[in-house]
Amino acid sequence: MTNPTAPSNAGKPSDHLANERTFLAWIRTSISIIVFGFVVAKFGITLREFLRVSGSAARESGMSLTIGLGFMLMGIFMALVSGYRYRTTMRQLDAGNFKPAGTIVTVLAVIAALFGTILAAYLIYTARTL
């Protein structure tokens, strides 16, 4: 006689729902980083226009645009990685063979810390030049 229930090590609905919540949190974070990058890029343009209108000489550095684009690319990368990780986790849960993420979490943390450091340095640089 066969047992019609799934093996105990197969993914439960609660595991799949937790995977989906985690995926959505990563997506929200990536969207926030993309929007933040957009704001940083637009800040440089706005500041340049403000200085032009007020009669001050604005130096063209283009750093706001570069940093903003970097944040936007990081957010896009996070969205792609989160989709890949969601699918991988779903397959692992179905097979009863879940393995937590390792390297990609470290890579994303290092990239985020790097961009934070660059943004802090840029803030200090612009505070001294204005």
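Hydrophobic cluster membership differs between Leu24 and Ile33, with clusters built from Ile, Leu, Val, Met, Phe, Trp and Tyr side chains linked at under 4.5 angstrom. In this structure, Leu73 is not a member of the same hydrophobic cluster as Ile34, with clusters built from ILVMFWY side-chain heavy atoms closer than 4.5 Å. Met78 and Phe115 end up in the same hydrophobic cluster when Ile, Leu, Val, Met, Phe, Trp and Tyr side chains are linked at under 4.5 Å. A chain of hydrophobic side-chain contacts below 4.5 Å, direct or via other Ile, Leu, Val, Met, Phe, Trp or Tyr residues, connects Val105 to Ile111. No chain of hydrophobic side-chain contacts below 4.5 Å, direct or via other Ile, Leu, Val, Met, Phe, Trp or Tyr residues, connects Ile67 to Val39.
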side-chain contact (heavy atoms from CB on, under 4.5 Å) assessment of Trp26 paired with Leu108: CA-CA 11 Å; Trp26 278 93; Leu108 288 174; 3.2 Å; yes
side-chain contact (heavy atoms from CB on, under 4.5 Å) between Thr89 and Phe23, intermediate numbers included: CA-CA 10 Å; Thr89 303; Phe23 168 70; over 6 Å; no
What's the verdict on side-chain contact (heavy atoms from CB on, under 4.5 Å) for Asn97 and Lys99, showing C-alpha distance, side-chain angles and the deciding distance? CA-CA 7 Å; Asn97 185 22; Lys99 293 178 185 144; 3.8 Å; yes
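Summarising the geometry, atom CG belonging to Asp15 is positioned 10.0 Å from atom CG belonging to Asp94; distances are rounded to the nearest 0.5 Å. The CD1 atom of Ile118 lies 13.5 Å from the CG atom of Leu123; values are rounded to the nearest 0.5 Å. A distance of 11.0 Å separates CZ in Arg91 from CG in Leu93, rounded to the nearest 0.5 Å. If you take CE on Met74 and OG1 on Thr29, they are separated by 9.5 Å, rounding to the nearest 0.5 Å. Considering CZ of Arg85 and CG of Asn19, their distance stands at 8.0 Å, rounded to 0.5 Å. In this structure, the separation between CZ on Arg21 and OG on Ser14 is 8.0 Å, given to the nearest 0.5 Å.
A donor-acceptor pair shorter than 3.5 Å cannot be found between the side chains of Thr22 and Tyr86.
Taking 4.5 Å as the limit, every side-chain heavy atom of Ser82 sits out of range of all side-chain heavy atoms of Tyr84. Side chains of Phe36 and Leu119 form a contact here, defined as non-hydrogen atoms less than 4.5 Å apart. The shortest side-chain heavy-atom distance between Ser30 and Phe77 does not fall under the 4.5 Å cut-off.
Nearest approach of Phe71 to Gly116, heavy atoms of both residues: CZ-N, 4.4 Å.
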